[in-house]
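The structure under discussion appears below in the form of structure tokens.
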Number of protein chains: 2
Amino acid sequence: MVKKPADPANGSAPVARQVPMRDFSRSLPMSLLRAREAVMRQFRPSLRQHGLTEQQWRILRALAAIEAVEVTELARTAFLLGPSLSRILRDLEARNLIERKTAKADQRRSMVSISKEGVKLMAAVAPNSEAIYAEITRRFGAHKLAELQEMLGELEHSLAGLGSADDTLAEG
Amino acid sequence: MVKKPADPANGSAPVARQVPMRDFSRSLPMSLLRAREAVMRQFRPSLRQHGLTEQQWRILRALAAIEAVEVTELARTAFLLGPSLSRILRDLEARNLIERKTAKADQRRSMVSISKEGVKLMAAVAPNSEAIYAEITRRFGAHKLAELQEMLGELEHSLAGLGSADDTLAEG
DNA sequence: GAGAGATGCTTAACATGTTAAATGAATGCG
DNA sequence: CGCATTCATTTAACATGTTAAGCATCTCTC
């Protein structure tokens, strides 16, 4: 089952290599994507057993650390866009894992907090998560892990304030 | 607009801190997610102007380097799951950016290749992408960028062969 | 060479990412 | 006060992530 090296007399397209670019698989976005997937692959099965998605878990974790937050701030904390968060909160509320009540001062704002049931669920999941994280740290090395996160933070920082406005960088 | 430090007489939930975990925002998955988002934010506007999503662009790039590939191998190369790829190929084919034909030897396999139009589109987008990548490299530093990718690769490697089977790591 | 199982791809169903528009409530200004 | 504007959140619409199921086709074995 070895592929033939080429076959220019194909009829369709000896098209390749006409658009020179970096090796695709070594681009920074791909490296980041693959690395993150490798990490998340470790957590997903455990979360799944508790009926939680990665994003739902992010929200519960964010909520566990505080009394209550506005939706907008929660979106920033959990790194989710408003519409995604809106849907997820609807579902989490239906499952009684969170509670919502509109703020007194400003009727537009909605204060979100984790429920008693939510806390129980977190208590059930957290040990697994911590164990998995510990294993990842052990395999990769605690020092290197800290170094990596440092670099990721710097990368983020060095790109801050670039893609905000509609610069004339595209479509000549 | 400063949040009150606490308000235990709230009625709902002085729930916080009952489930001790790492600081959420400093977890490895979050760091990777934020870093990748910071990078992709730079590319999306340019791609969007050409009516391409990030994933569609990945596929075209992967196809530009070869004559033709089977769908399964393309999925591996572009790091997409089968179902996602299937849908995207359907759309790209409808836009005449790719071509498909079933393999002679094995009727199950479908060989995918980029079309002439696809090549033209790539030629239009590639310069922008390269310019953006160059700017990112300039800002973050070429050396650090290489170092980062090296570490990401190591992370991936160190986690290879962990989350494959359904270990008894979860739900006691 | 016929049926059991494996393989390659697609479809289905549900959850999220992403952008635009809608809704409802606060704010500013005449 | 009346109304346009702004703001917080939700809804809508489309694309993708993710798992499971479906459908051909191929392979292997008897």
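Note on naming: letters A, B, ... go to the chains in the order of the sequence lines (proteins, then strands), and numbering restarts at 1 for each one. Hydrogens, waters and symmetry mates are skipped; everything else that's a heavy atom, side chains included, is used.
- A:I88 comes within 4.0 angstrom of the backbone, heavy atoms only, and of no base.
- No side-chain N or O of B:T102 forms a donor-acceptor pair with one of B:Q107 less than 3.5 Å apart.
- Phosphate contact (OP1/OP2 of C:dG17, side-chain N/O of A:Q55, threshold under 4.0 Å): present.
- A donor-acceptor pair is defined here as one N or O able to donate and one able to accept, closer than 3.5 Å; such a pair exists between the side chain of A:T137 and the backbone of A:Y133.
- For D:dA8, the OP1/OP2 oxygens have no side-chain nitrogen or oxygen of A:S110 closer than 4.0 Å.
- No side-chain N or O of B:S115 forms a donor-acceptor pair with one of B:E99 less than 3.5 Å apart.
- In terms of position on DNA chain D, the residue among A:R90 and A:R44 whose nearest nucleotide sits closer to the 5' end is A:R90.
- Looking at which nucleotide of DNA chain C each of A:G82 and A:T53 is closest to, the 5′-most match is held by A:T53.
- Side-chain atoms of A:R58 lie closest to C:dG17 of the nucleotides C:dA20, C:dG17, C:dT11.
- Nearest nucleotide to the A:D106 side chain, out of C:dG8, C:dA26, C:dA20: C:dA26.
- If you take CD of A:Q107 and C1' of D:dT10, they are 16 Å apart, rounded to a whole angstrom.
- Put simply, A:S84 has a side-chain N or O that comes within less than 4.0 Å of OP1 or OP2 on C:dG17.
- The side chain of A:R100 places an N or O atom within less than 4.0 Å of a non-bridging phosphate oxygen (OP1 or OP2) of D:dT10.
- Between the side chain of A:R87 and the base of C:dG17, at least one donor-acceptor pair of N or O atoms lies under 3.5 Å.
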>> Quick one, A:E93 with A:L89, criterion side chain to side chain contact (heavy atoms under 4.5 Å, CB included). Give me CA distance, side-chain angles, the key distance, then yes/no.
In response: CA-CA 6 Å; A:E93 188 174 29; A:L89 289 180; 6.0 Å; no
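- One atom, CG of A:L81, and another, C1' of C:dT16, lie 10 Å apart when rounded to the nearest Å.
- Each of B:R108 and A:L89 was matched to the nucleotide of DNA chain D holding its nearest heavy atom; the match closer to the 5' end belongs to A:L89.
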